[in-house]
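Beneath this line is the structure, given in structure tokens, with notes to follow.
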Amino acid sequence: MEQQDKLINIYLASLIPISAIAIGWALQNDPLRNLDGGFIALGLLTIFSACWLRIQLPRTNVHLTLSDALTILSMLLYGGSITILLALAEVAAGAINLRLRGTELRWKTMAINVLAAPIGVFAAYHTAIFLFGPLDQVVARNDFTSLIWLLLTITITLFAINSAIVSIFAAIKTKKSIWFHWKANLLDAAVMNVLGGLMAGVILKAVTQLNLYIVAATVGFFGVIFLTFRHFVSDARRSAEIAHREQQERYELAEKHVVELEHYVAELEKTADALQKSHEKFRHAAYHDALTGLPNRNFFIERLKELLLEGAEAGEFKFAILLIDLYRFKTINESLGHSVGDRLITNVGVRLSEMVRESDMAARFSGDKFGIILTDLLEKEEAAAFANRLSARISEPYMLDDRQVFTDVRVGIAFGNSKYAEAEDLLRDADIAMYYAKDSNEKHVIFDQKMHVRAVTRLQLETDLRYAIERHEFELHYQPIVALETARLVGFEALVRWNHPQRGLVPPNEFIPISESTGLIIPMTVQILESACKQVKEWQLRYPSAVPLSIAVNISGKHFADPGLVSQIKNVLAISGFEPSSLKLELTESAIMENAERAIQMLTQIKEIGVQLSIDDFGTGYSSLSYLHRFPIDLLKVDRSFVSAMEENSENGEIVRTVIALAKALRLNVVAEGIESIHQFHQLRILKCEYGQGYLFSKPQSVADIEALLADEGHWQHFLPQAPRPVPAAANISPLRLAN
Ligand code: C2E
Ligand code: MG
Ligand code: MG
């Protein structure tokens with residue numbers, strides 16, 4: 001910056017002597033020689049116009065002023081010397097005026113203008129004289145062409161010198177080129193200068209032909225018009241500025257609106273995006289299982305519908321569905337806890353999805369139920385082969401909580417075909433096949449139409465069973481239980497039969513599973529308990545003995561899981577007035593083992609009532625010996641399969657022997673089931689088995705038949721070794737006949 005200041009100072013200093021020469025020349029050449037009233041008027045007008053008759057044309061850099069024209073006029077009429085002084089006065093007055101009006105004007109800028117003015121006039125005057133000779137002569141010649149050339153010469157020289165001086169000054173100040181400043185600030189002024197020159201010519205013409213005072217008056221008149229015009233122009237400029245500002249404001253407002261609009265659109269897009277995402281999330285949740293992330297039943301059915309439609313269009317069905325149930329999942333879930341159960345399900349889900357192709361589908365329906373769709377099947381056998389691979393893969397051990405857990409599958413398979421109008425029908429058939437697999441303990445079963453018939457029958461049975469309870473269609477048969485030591489009757493096992501109005505007596509294995517799955521087993525058992533207790537109570541009264549007759553009633557696993565069982569037992573005992581110690585409840589191993597800890601609590605509560613407890617079919621289930629001693633039980637009932645095999649195979653004889661030894665160790669009594677031969681009877685007596693039941697003694701019989709038997713006290717005495725055969729009573733039934 002300092003460098004530039006220095007340069008400017010040098011520049012100004014170098015202009016001072018040149019300007020001084022011009023002024024000096026002017027002063028030496030008797031400037032006042034032609035001074036008259038006309039010049040004073042011209043001079044005042046020039047200064048006045050420099051100060052007040054200056055207007056900038058709107059949106060241009062052009063300043064309209066009369067002073068340039070008046071300066072040239074002065075040069076032509078009164079000579080160069082006085083015009084130099086006039087120019088000096090005009091520029092100085094203009095600058096002072098600007099400063100007085102508060103316009104920021106640097107001293108150096110003012111100085112450059114003041115210095116340039118005399119130099120410009122000096123140069124223009126001498127160039128004109130040099131080219132055209134004395135100027136008053138050119139004016140006097142009244143030759144229009146040479147006057148025009150003269151004016152042009154003066155104008156251009158004036159302009160060239162002035163603009164050059166100012167542009168150099170500006171170039172030093174801003175470090176930009178001289179041409180840049182000339183072009184930016186002075187080009188417009190060039191036009192005005194030429195116009196000013198021409199105007200001077202016009203005024204000159206008027207002055208030479210009219211009187212100077214008239215001209216001054218005319219100029220004054222035009223000055224007034226000019227002022228009015230200036231007022232008008234400044235008005236126009238103001239309104240243009242207002243318009244410009246308003247436009248600017250509108251533009252800014254519009255810009256603000258655009259920004260707001262963009263923001264709004266972005267917000268809208270965000271909302272739409274979020275909506276889309278939540279929609280997708282919702283859709284995903286609606287069609288997927290939360291635990292495994294696999295497709296759910298809804299998704300499965302949707303896909304199935306598509307496949308049925310495609311099949312119907314193509315005229316061929318090349319897909320199968322597999323419904324999968326995890327084997328013994330419930331036991332795992334209840335014994336190892338639900339979190340292990342959940343992880344097992346998740347792991348199974350992973351294995352299943354690894355086994356299927358992209359076009360197939362593995363889905364989880366609920367609990368331990370999964371479904372698979374196999375597409376593009378060439379042969380039906382492929383589905384069965386897949387089920388085998390599936391079983392092999394799923395039965396590989398799972399490491400959960402540092403322990404190995406095993407499971408397997410039961411699979412029902414159904415193939416797509418044109419008979420299926422609804423996806424649900426296909427699913428129902430696969431489901432039927434799956435239940436067959438579970439019932440028959442096969443790994444997979446392919447659906448066939450016969451199963452459907454049986455399923456319908458089962459459904460019918462289910463409906464009938466509800467009525468059976470209302471109508472008391474159950475009938476109890478009683479199978480005697482005999483003390484093997486004495487061959488005397490000690491009690492009965494109550495075995496239910498359903499007296500179906502159309503089908504006659506239905507055996508328990510046909511309806512117990514249905515009643516278990518429908519929950520009807522509970523009201524049914526309550527009825528059985530009540531009528532058995534009432535019946536045996538009556539027999540106890542009619543046939544008194546040292547130890548009152550006992551009654552054993554079977555309790556299903558489903559019922560055992562019901563917390564209401566204890567109060568139901570109490571209730572029945574109260575209603576029937578039956579001695580609790582004569583009631584024996586039979587439970588299977590699996591019913592107790594399903595949830596051993598809970599079983600202990602339940603058994604304890606039942607024991608507190610005074611009722612006795614037996615484990616039925618002992619040896620066929622899966623008993624944990626570590627638990628066995630913790631169960632508050634009284635009796636073990638050795639399963640018929642071991643008893644019946646005693647003769648054929650000494651190994652099975654061993655089993656019975658071991659069970660009896662175990663029972664003794666646990667201080668339990670043993671009942672042998674299914675004694676059919678006298679040999680078995682003898683062997684069991686030798687093994688010190690306390691009790692027995694079986695066809696050898698009696699089949700389960702109706703109340704009437706049992707009453708006949710009760711009347712015959714020494715009925716089985718002849719089975720005892722060396723015991724004399726008793727004489728049968730009249731209504732007695734031969735045990736040999738019964739055994740048939
Ligand atoms: P269970 O409790 O083990 O009953 C013994 C079954 O073996 C009875 O079959 C009986 O008729 C049969 N049985 C007895 N001795 C012999 C024999 O020497 N040879 C042969 N071959 N069979 C013999 P049932 O009456 O058909 O009952 C079958 C099963 O149904 C019962 O097995 C029991 O688990 C269940 N059940 C029967 N009645 C009821 C009941 O009222 N409630 C519940 N929950 N289950 C019952
Ligand atoms: Mg039983
Ligand atoms: Mg049994």
Side-chain angles (χ1 to χ4, degrees), residues 465 468-469 472-482 484 491-499 505-533 535-536 550-562 565 568-569 572 583-592 612-621 633 635-647 659 670-681 684 691-702 705-706 716 735-736 738-740:
L465 208 54
I469 295 169
H472 289 83
E473 286 174 1
F474 301 111
E475 195 181 303
L476 285 185
H477 280 198
Y478 296 86
Q479 186 173 36
I481 295 174
V482 179
L484 297 183
F492 307 94
E493 177 172 3
L495 295 157
V496 70
R497 275 90 184 94
W498 177 11
N499 205 348
L505 278 191
V506 182
N509 56 353
E510 275 189 41
F511 65 91
I512 295 278
I514 302 171
S515 66
E516 280 181 331
S517 64
T518 53
L520 291 171
I521 186 76
I522 296 173
M524 190 184 94
T525 308
V526 173
Q527 271 188 16
I528 292 166
L529 264 171
E530 203 181 314
S531 77
C533 287
Q535 182 59 65
V536 178
S550 68
I551 180 70
V553 176
N554 294 282
I555 302 291
S556 107
K558 269 272 153 58
H559 197 175
F560 185 65
D562 178 47
L565 177 63
Q568 287 155 7
I569 298 166
V572 165
L583 177 62
K584 300 179 177 181
L585 297 181
E586 298 190 0
L587 289 151
T588 57
E589 284 167 289
S590 53
I592 304 174
Q612 297 199 48
L613 293 165
S614 328
I615 293 185
D616 204 355
D617 306 338
F618 189 78
T620 56
I633 45 173
L635 285 153
L636 286 185
K637 292 188 79 172
V638 182
D639 191 68
R640 177 158 61 86
S641 55
F642 303 115
V643 176
S644 65
M646 271 172 92
E647 284 163 313
V659 171
V670 180
V671 185
E673 293 184 290
I675 304 172
E676 291 183 352
S677 72
I678 191 82
H679 176 72
Q680 292 163 350
F681 169 70
L684 288 162
Y691 307 104
Q693 69 185 96
Y695 292 174
L696 173 68
F697 308 108
S698 166
K699 279 191 171 180
Q701 295 190 77
S702 65
D705 288 342
I706 291 293
W716 299 299
L736 288 175
L738 280 170
N740 281 331

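As a basis for the values below, the full set of heavy atoms in this structure was taken, side chains included, without hydrogen atoms, waters or symmetry mates. Source: prediction; values computed, not measured. Start at 1 and go down the list; that is how both ligands and their atoms are numbered.
- What sits closest to atom 19 (N) of ligand 1 on the protein, heavy atoms only, is Glu676 OE2, 2.5 Å.
- Considering each of Thr588, Leu476, Leu495, the one bringing a non-hydrogen atom nearest atom 8 (C) of ligand 1 is Leu495.
- Counting just the N/O/S atoms of Glu586, the one with the shortest distance to the Mg ion (ligand 2) is named OE1.
- Atoms of ligand 1 found under 4.0 Å from any heavy atom of Glu673, numbered from 1 in the order shown, are 3 (O).
- Between the side chain of Glu589 and the backbone N or O of Ile615 there is no donor-acceptor pair closer than 3.5 Å.
- Scanning the protein heavy atoms around atom 15 (N) of ligand 1, the nearest turns out to be Gln479 NE2, 3.0 Å.
- Annotation: Val496 places an N or O atom under 3.5 Å from an N or O atom of ligand 1; distance criterion only.
- Within the listing of ligand 1, atoms 11 (O) sit less than 4.0 angstrom from a heavy atom of Pro700.
- Heavy-atom proximity to atom 2 (O) of ligand 1, evaluated over Asp617, Asp639, Asp616, is greatest for Asp616.
- Of all protein heavy atoms, the one closest to atom 21 (N) of ligand 1 is Arg640 NH1, 3.0 Å.
- Distances from the Mg ion (ligand 3) show that Asp617 has an N/O/S atom below 2.8 Å.
- For Gln693, the heavy-atom gap to ligand 1 stays at 4.0 angstrom or more.
- When distances from the Mg ion (ligand 3) to the N, O or S atoms of Glu673 are compared, OE2 comes out shortest.
- Not a single heavy atom of Asn509 sits closer than 4.0 Å to an atom of ligand 1.
- The shortest heavy-atom distance from Lys699 to ligand 1 is not under 4.0 Å.
- No other N/O/S atom of Glu493 lies as close to the Mg ion (ligand 2) as OE2 does.
- Annotation for ligand 1: atoms under 4.0 Å from non-hydrogen atoms of Gly694 are 15 (N), 18 (O).
- At a 4.0 Å cut-off, at least one heavy atom of Arg497 sits close enough to ligand 1 to count as contact.
- For atom 13 (N) of ligand 1, the closest non-hydrogen atom on the protein side is Tyr695 CE2, 3.9 Å.
- Atom OD1 is the N/O/S atom of Asp616 found closest to the Mg ion (ligand 3).
- Counting heavy atoms closer than 4.0 Å to ligand 1, residue Leu696 contributes nothing at all.
- Among all protein heavy atoms, the one lying closest to atom 43 (C) of ligand 1 is Asn554 CB, 3.4 Å.
- Note: Trp498 and Phe474 have tilted aromatic rings, judged against thresholds of 30 and 60 degrees for the angle between ring planes.
- The closest protein non-hydrogen atom to atom 36 (N) of ligand 1 is Pro508 CB, 4.0 Å.
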